[in-house]
Amino acid sequence: MNTRHTFNTALKALPFAISISLVSAQGFAAEETNEQKIAKLEQQVQTLQKQQTASLTDRFKFNGFMSGAYVSADNNSGYMGSSTSADFSEESKLGFQATFAITDNTQAVMQLMMKGENDWDVEAEWAYVSHRFDGGVQLRGGKLRVPLFMYSDYLDVGYAQPFARPPEEVYGSVPFTTYTGGDVSYEFEFDDSTLTVQAFGGESEESGTDIKNILGANLTWTDEIWTLRAVYGQSTLDGTISRSVTIPSQDPVTGLPISIEASVPLLTLDNEKATFTGVGASYDNGEFLAVTEWTRAEVDGQYTDSDSGYITLGYRINAFTPYVTAAYYESQDDDQRPVFSQGSALIAALFNGQRTSYSGGLRWDALDNLAVKFDVTYATNFGDTSGGFQSNVLQEYDDVTVYTVKFDVVF
């Protein structure tokens, strides 16, 4: 009797037990499914993070360049900042450039520079955003290089230049190298060549002088062997021109020779118009190299109007490229600075200048990204001027030879 009652009771409870088991199994299955979903979501997040990181890495480009130089001269005329003392800072520099592709057609570029002549202070040489439209027009805005010369875009990248340095007679005729503003350019593609048209505008500042209303345009045609270039630019100059002058003197007590450093305000520029015109050409067939540029800079008033030019010839022999350069610089308006007093004599001595230079050098491409250069430059034909050197206002020197050993590397 009891056995039958127990069996009946168990039989009645069986459906309830089965129901509980099914509910528990379903809950466990649901719990496993949720864990799987969470794991799957975590995996998807990790995959997306990796894709985003890879995408950012693909969009970011970093490179750099460096130059180290030994420079000395046979006198203290100050040509290219040289002296009889060995100098390792004047032409040494380190630069880093970062490019970030915001979109396929838009990018941000920044170039940071550290120069020995500026005590290795960090300065943003370039900082701009560019966008290329579907039609081929490119716009850039920010801090840009002034596009006046054939090597303007590579002015600090010595590795991209065949010589130890661009000729000072031409590249030193304009006292500023960057501006804040924008440019627009367009490339016309022909069968075997390209014509690039560029217009630019903005403002700059140099040594307390405001360089305003910069406007200009240039044309560059190339077939990868020949390159022809023409540029015109104008601006207004406002401010005071001062010069740091080293004046040889004599100690009144000991009678020994001494040098006196003085900053002398010379000219006041009141929105004076300045214009720049330049033409250039180059030929490079992989063996023979020829480069030439001619420029004219004119400023209203007493500030120097000057003509300058150079030609460089080189020939590649395996990893070696010997080259020669002839260059000249000449002020064209010396009659605008008549000498009638001690002050006017100083102005004439600082702003009147002429010289001819001859360089011989050798570039050795020691590695794929490293070039070692040796250069000797001789400057002469100063005429009745200082040669255009601030340290030679008393015309103590009528020629100078500068020796350079330099390495340029890109990475």
Side-chain angles (χ1 to χ4, degrees), residues 61 63-65 95 97 99 101 104-105 107 109 111 126 130-140 144-167 170-171 183-200 216-232 277-295 309-327 361-371 373 408-411:
K61 180 181 178 182
N63 51 42
F65 52 90
Q97 181 169 310
T99 303
D104 290 342
N105 295 328
Q107 62 181 12
V109 179
Q111 184 183 102
W126 288 0
S130 70
H131 178 78
R132 184 177 295 277
F133 294 91
D134 292 338
V137 175
Q138 177 175 273
L139 288 177
R140 300 192 302 174
L144 301 161
R145 181 79 72 186
V146 183
L148 299 180
F149 305 106
M150 294 193 70
Y151 290 97
S152 286
D153 285 345
Y154 313 104
L155 197 57
D156 292 313
V157 187
Y159 184 84
Q161 305 163 9
F163 23 54
R165 67 182 68 82
V170 171
Y171 283 71
D183 66 22
V184 55
S185 61
Y186 183 79
E187 294 183 351
F188 294 91
E189 298 287 348
F190 303 108
D191 290 341
D192 299 313
S193 63
T194 302
L195 175 65
T196 302
V197 181
Q198 181 187 42
F200 57 92
N218 62 64
L219 301 174
T220 303
W221 174 88
T222 182
D223 64 357
E224 303 301 331
I225 296 179
W226 284 96
T227 298
L228 304 176
R229 191 174 190 276
V231 60
Y232 173 83
T277 305
V279 293
S282 69
Y283 175 84
D284 188 348
N285 66 356
E287 293 183 344
F288 181 72
L289 168 71
V291 187
T292 185
E293 291 186 78
W294 177 87
T295 68
Y310 76 90
I311 182 170
T312 295
L313 303 176
Y315 191 80
R316 295 184 181 88
I317 307 171
N318 297 322
F320 298 93
T321 306
Y323 65 86
V324 293
T325 298
L362 176 69
R363 171 181 173 138
W364 171 36
D365 287 283
L367 298 172
D368 289 341
N369 64 335
L370 171 65
K373 301 173 182 178
D408 297 311
V409 63
V410 293
F411 51 88

Do the side chains of [Y] and [X] get nearer than 4.5 Å, heavy atoms only?
| X | Y | value |
| --- | --- | --- |
| Phe149 | Thr295 | yes |
| Val410 | Val157 | yes |
| Asp408 | Phe65 | no |
| Thr196 | Gln138 | no |
| Leu289 | Tyr323 | no |
| Pro162 | Tyr151 | yes |

Under the salt bridge (Lys or Arg N to Asp or Glu O under 4.0 Å) test, which residues partner [X], sequence neighbours left out?
| X | result |
| --- | --- |
| Arg363 | Asp365 |
| Arg140 | Asp183 |
| Asp223 | none |

What closest approach, in Å, do [X] and [Y] show between heavy atoms, and which atom pair accounts for it?
| X | Y | value |
| --- | --- | --- |
| Tyr159 | Leu370 | CE1-N, 3.6 Å |
| Thr325 | Pro167 | CG2-CG, 4.0 Å |
| Ala217 | Phe200 | N-CE2, 3.5 Å |
| Ala327 | Tyr310 | CB-CB, 3.6 Å |
| Lys373 | Gly158 | NZ-O, 2.6 Å |
| Phe411 | Gly95 | CZ-O, 4.3 Å |

Measure the spacing between [atom1] of [X] and [atom2] of [Y] and express it to the nearest 0.5 Å.
| X | Y | atom1 | atom2 | answer |
| --- | --- | --- | --- | --- |
| Leu195 | Thr220 | CG | OG1 | 8.0 Å |
| Thr227 | Met150 | OG1 | CE | 5.5 Å |
| Asn318 | Thr321 | CG | OG1 | 9.5 Å |
| Leu228 | Leu219 | CG | CG | 10.5 Å |
| Asp153 | Trp126 | CG | CH2 | 5.0 Å |

Query raised in the report: Relative to the ring of Phe188, is the ring of Phe190 parallel (under 30°), tilted (30 to 60°) or perpendicular (over 60°)?
Result: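 Phe190 vs Phe188 ring planes: parallel.
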**Report entry** More than 12 heavy atoms from other groups under 6.0 Å of OH on Tyr154
**Finding:** no
**Report entry** Atom CH2 of Trp294 with >12 non-hydrogen neighbours under 6.0 angstrom
**Finding:**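 Counting other residues, nucleotides and ligands, CH2 of Trp294 exceeds 12 neighbours.
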Query - side-chain hydrogen bond (donor to acceptor under 3.5 Å, both in side chains) partners for Trp226, two or more places apart - result: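 Residues passing side-chain hydrogen bond (donor to acceptor under 3.5 Å, both in side chains) with Trp226: none at all.
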Query raised in the report: How would you list, by chain and number, every residue that makes a side-chain hydrogen bond (donor to acceptor under 3.5 Å, both in side chains) with Gln161, sequence neighbours excluded?
Result: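 For Gln161, no residue satisfies side-chain hydrogen bond (donor to acceptor under 3.5 Å, both in side chains) once neighbours in sequence are set aside.
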Sidechain-backbone polar pair: [X] side chain, [Y] backbone, donor-acceptor under 3.5 Å:
| X | Y | result |
| --- | --- | --- |
| Arg229 | Leu148 | yes |
| Asn105 | His131 | no |
| Ser152 | Val146 | yes |

Query raised in the report: side-chain contact (heavy atoms from CB on, under 4.5 Å) with Phe288: which residues, sequence neighbours excluded?
Result: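 Phe288: side-chain contact (heavy atoms from CB on, under 4.5 Å) contacts with Tyr283, Asn285, Ala290, Leu313, Tyr315.
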Query raised in the report: Does the side chain of Tyr171 come under 3.5 Å of the side chain of Glu293 through a donor N or O and an acceptor N or O?
Result: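 Distance-only check passes for Tyr171 and Glu293.
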Query raised in the report: Any side-chain donor-acceptor pair under 3.5 Å between Gln198 and Asn218?
Result: yes
